[in-house]
Amino acid sequence: MRFSKTFIPTLKEVPGDAVIPSHILMIRAGLTRMLSAGIYSFLPIGYKLIRKISDVIREEMNAIGGQEFHLPALNPKEIWEQTGRVEAFGDTLFHIKNRDYVLAPTHEEIMAFHAKGALKSYKELPQIWYQIQTKFRNEPRPRSGVIRGRQFLMKDAYSFDVDFDGLDKSYEAHDQAYRKIFVRCGLKYFIVGASSGAMGGSKSEEFMLKSDAGEDTVAYCSKCGYAANVEVASSIIEPIKREEKSKEIYEISTPNVKSIDELCEFLKINEIQCAKSRIYIHDNVPVLILMQGNEEVNENKLNSFLGGTVRPAHPDELKEITGADAGSIGPVGIKMRIIADLKLKDRNNLFSGANKNDYHIGGIDFTRDVKNIEYADLRFAQSGEKCGRCNSKLEVFKAIELGHIFKLGTKYSESLGVRYLDEHGQDHPIVMGSYGIGVERILACFIEQNYDEKGILWNEHLSPFDLHLVGLNLKNNETKNAAENIYKELTQKGYDILYDDRLDETAGVKFNDADLIGIPIQIIVGEKNLKEQSVEVKIRETGERIKIKLDELKNKIAELLKK
RNA sequence: CGGGGUGUAGCGUAGCCCGGUUAGCGCGCCUGCUUUGGGAGCAGGAGGUCGCAGGUUCAACUCCUGCCACCCCGACCA
């Protein structure tokens, strides 16, 4: 493809709205342009990459028997009402104003609608149906470029089976296909078991990728592969030992001390010696939660420990319940259920609030002064702590969700009446699975993992072109002829080439654009080397430049691209 | 939805606090000449509802009010 005839609007400067590397580079390298918040246009090179990624997905989906559909984005609202998801999605669902349609945020309903009455016999099952299409979600806050948009491309697949054993097989097939897809796209991913949230259903796995632009925080063990959202992740921690001698309990006047930081500063103590108090309301009953001073309550863990409904107490409730405001609450003498994090188990000589504003208590011994105290794991796992499974070190970091597979079960087939007859003529709901991949996310995440200060670093897994041919001063006829010949010959050999044939751009501009766009191999044709019948081959990632005789170029390229 | 920030030419920005030239600069773009191995030089040129609406004023990019858009943090999140 000739650069001079292709729309590749590269940008020298960082666009004001972009913050994360992939977003900046996708705009600077001319892959995408923003139309509105969370709505992006893909320009020719960007769209070419989207097609390449889609093709990988398509191949792996077809390999497990998937059949590709093309479904409407415009859906009758009625179908979504039948499954209760108009309400479930709430404001996230886009509604059409002048007709009772919604813009599909996903396609369980529509696939199930087509399956209904069409898949009637056990003989027709199982089926895997998928599509690669645009979804619409009215995200309250789009961010990170293409990573969370209001309109985005998703591959979503649905499996239809006679029973849960069949579903297990379909699920397993997708699991394997997904691994292949992400490996083929060159992504360093990991898998997190997760709850399936608003989608309904039981088992699920998320395919995730480490990134500062991520929206989830996960704990990951690179040794055994344990990965879990920090909301549920557990870790092995070293217990903190009791001090040898328990001091007497004593009250301290602490005027205007509200936070743990202020308390530590005021008393010249370490936050590890503090028991931080939080009041939660559990099924309308207050509970005191105690955390070590430097840690926060993991409300998710608290929730699953207590069951029922749990919420933090409002500031105005605190005084009524404890007699003090936040910052002066503590376990000594308080009459309610008390649960402390395991890090505080049986500790002594602790500091906490006195349940009296502007006073704290020191010398607290949980075994002596706080009767009926319960202990539970209520903290967030942190980097460096030991993995609960294999004892090596956990890492905690932000991650982006690339794909999600889950066992839906019969939620949609029940509510929409998607049923089949078994060999005895008995009728059953079809058992479904649902499997999604964010297509643009693959592109953005690849860039998040492969860039340097000059631009993107495509590789053998993913690249818009095989080769970037840079013709320097093309007003020089010899150079032009040589470049044109190389372009012709290598194209005939089957290579996909971006040929920078721009007449007026200087060498520097072309070099920088080539580095920005980031095709792995550059062939540079210039007067200097042509005098020796040579051109230069530059490896984008390493910056290595190799001088090659013209007649050896084809072999060298073949060798480089074979890897 | 809460907190913070920004909106000036295709892109990046100065000016605004403290109202008063023709709204300035860099990049990009157009024309000509020179240049061509790491974002070229000279000369000339085009391009602006200063986010929108209202208000104050002799006078508004600048002050006030409302709205909108975009970004960041949080809440939310298949």
Side-chain angles (χ1 to χ4, degrees), chain A residues 9-20 23-24 27-28 30 33-39 85 88-93 104-109 135-145 147-150 152-158 194-201 204 206-207 212-216 229 231 299 312 400-406 408 434-438 441 454-455 470-480 483 500 502-516 522-531 534-536 538 543 545 547:
Chain A
T10 58
L11 252 37
K12 198 188 292 191
E13 280 167 296
V14 174
D17 287 347
V19 175
I20 66 165
H23 189 194
I24 292 170
I27 295 173
R28 284 195 57 214
R33 282 283 165 98
M34 185 173 88
L35 180 63
S36 175
I39 306 177
R85 289 221 289 177
F89 269 104
D91 197 43
T92 303
L93 187 66
T106 170
H107 278 84
E108 279 80 5
E109 276 78 359
K135 312 285 167 182
F136 300 86
R137 287 185 198 174
N138 185 22
E139 293 294 343
R141 189 185 152 205
R143 68 183 90 181
S144 305
I147 288 172
R148 178 168 289 277
R150 295 212 166 107
F152 55 98
L153 257 188
M154 178 157 113
K155 186 287 302 181
D156 51 329
Y158 306 92
S195 63
S196 47
M199 299 300 288
S204 81
E206 289 175 297
F207 291 75
D212 289 335
E215 296 172 294
D216 299 294
N229 196 299
E231 313 236 298
E299 294 187 4
I400 297 173
E401 184 184 339
L402 282 170
H404 199 164
I405 58 177
F406 31 80
L408 282 181
S434 167
Y435 317 89
I437 291 180
R441 280 189 181 185
K454 303 225 78 174
V470 180
L472 299 181
N473 182 11
L474 294 176
K475 285 176 181 164
N476 175 314
N477 275 330
E478 278 175 47
T479 313
K480 182 177 164 79
D500 194 340
R502 289 175 295 177
L503 213 53
D504 294 321
E505 295 299 348
T506 59
V509 170
K510 293 181 182 177
F511 287 139
N512 282 304
D513 272 351
D515 288 348
L516 174 61
Q522 300 171 12
I523 302 169
I524 297 153
V525 184
E527 260 172 283
K528 204 173 77 187
N529 285 321
L530 275 178
K531 283 186 183 135
S534 297
V535 294
E536 193 172 278
K538 178 178 158 185
R545 298 142 177 271
K547 207 163 147 184

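In the text below, chain A, chain B and the rest are named by the order of the sequence lines, each starting its count at 1.
The nearest whole Å value for the distance from the CG atom in A/Asp216 to the C1' atom in B/C77 is 9 Å. Nucleotide B/A78 holds its P atom 14 Å from the CG atom of A/Leu408, rounded to whole Å. Regarding A/Ile39, its CD1 atom lies at a distance of 12 Å from the C1' atom of B/A69, rounded to whole Å. If you measure from atom CG of A/Asp91 to atom P of B/C1, you get 9 Å, rounded to the nearest angstrom. The distance from atom CD of A/Glu139 to atom C1' of B/C1 is 15 Å, rounded to the nearest whole Å. With rounding to whole Å, A/Glu215 atom CD is found 13 Å from B/A75 atom C1'. Atom CD in A/Glu13 sits about 13 Å away from atom P in B/C29, given to the nearest Å. At whole-Å resolution of the value, CD1 in A/Ile24 and C1' in B/G12 are 13 Å apart.
Comparing the C1' positions of B/C16 and B/C33 gives an interatomic distance of 42 Å, to the nearest angstrom. Nucleotides B/G47 and B/G10 are separated by 10 Å at their C1' atoms, to the nearest Å. Between B/U8 and B/C50, the two C1' atoms lie 4 Å apart (nearest whole Å). Look at the C1' atom in both B/U13 and B/A9: the space between them is 12 Å, to the nearest Å. On the C1' atoms, B/C25 is 24 Å away from B/C71, given to the nearest whole Å.
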Distances under 3.5 Å only, N/O to N/O: pair up the protein atoms with those of nucleotides 71-73 of chain B.
from	atom 1	to	atom 2	distance (Å)
B/C73	OP2	A/Arg141	NH2	2.4

Under 3.5 Å, sequence neighbours excluded: what are the donor-acceptor pairs made by side chains of residues 470-477 of chain A?
from	atom 1	to	atom 2	distance (Å)
A/Asn473	OD1	A/Lys475	N	3.0
A/Lys475	NZ	A/Asp504	OD1	3.2
A/Asn476	OD1	A/Glu478	N	2.8
A/Asn476	OD1	A/Thr479	N	3.1
A/Asn476	OD1	A/Thr479	OG1	3.4
A/Asn476	ND2	A/Glu527	OE1	3.4
A/Asn476	ND2	A/Glu527	OE2	3.1

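Considering only residues two or more places apart in sequence or on other chains, A/Glu215 meets the side chain to side chain contact (heavy atoms under 4.5 Å, CB included) condition with A/Arg143, A/Arg148, A/Arg441. In this structure, the side chain to side chain donor-acceptor pair (under 3.5 Å) partners of A/Thr10, at least two apart in sequence or on a different chain, are A/Asp513. Under the ring pair (Phe, Tyr, Trp, His ring centres under 6.0 Å) criterion, A/Tyr158 pairs with no residue at all, not counting sequence neighbours. Remark: A/Ser534 engages A/Asn529, A/Glu532, A/Lys547, A/Lys549 in a side chain to side chain contact (heavy atoms under 4.5 Å, CB included) (not counting sequence neighbours). Remark: A/Pro105 engages A/Trp80, A/Phe89, A/Leu93, A/Arg137 in a side chain to side chain contact (heavy atoms under 4.5 Å, CB included) (not counting sequence neighbours). By the ring pair (Phe, Tyr, Trp, His ring centres under 6.0 Å) test, A/His23 is found to be paired with A/Tyr40, residues two or more places apart in sequence or in another chain being considered. In terms of the salt bridge (charged side-chain N to carboxylate O under 4.0 Å, His left out) criterion, A/Lys12 has no residue partners (sequence neighbours excluded). With sequence neighbours left out, A/Pro312 forms a side chain to side chain contact (heavy atoms under 4.5 Å, CB included) with A/Tyr280, A/Glu299.
The shortest non-hydrogen separation linking A/Ala18 to A/Ile24 is CB-CG1, 3.6 Å. Summarising the geometry of A/Val14 relative to A/Arg28, their closest heavy-atom pair is CA-CD, 4.3 Å, with the distance given to 0.1 Å. The heavy-atom pair separating A/Lys510 from A/Arg502 by the smallest distance is NZ-O, 2.6 Å.
Base pairing in RNA chain B yields stems of at least 3 consecutive Watson-Crick or G-U pairs, both distances under 3.5 Å, namely B:1-7 with B:68-74, B:10-13 with B:24-27, B:29-34 with B:40-45, B:51-55 with B:63-67.
Residue A/Pro140 is in base contact, counting any heavy-atom pair closer than 4.0 Å across all strands shown.
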* List the protein contact pattern of nucleotides 31-41 of chain B with one symbol per nucleotide (5' to 3'): B for base contact, S for sugar-phosphate-only contact, - for none; contact means a heavy-atom distance under 4.0 Å. => ----BBBBBB-

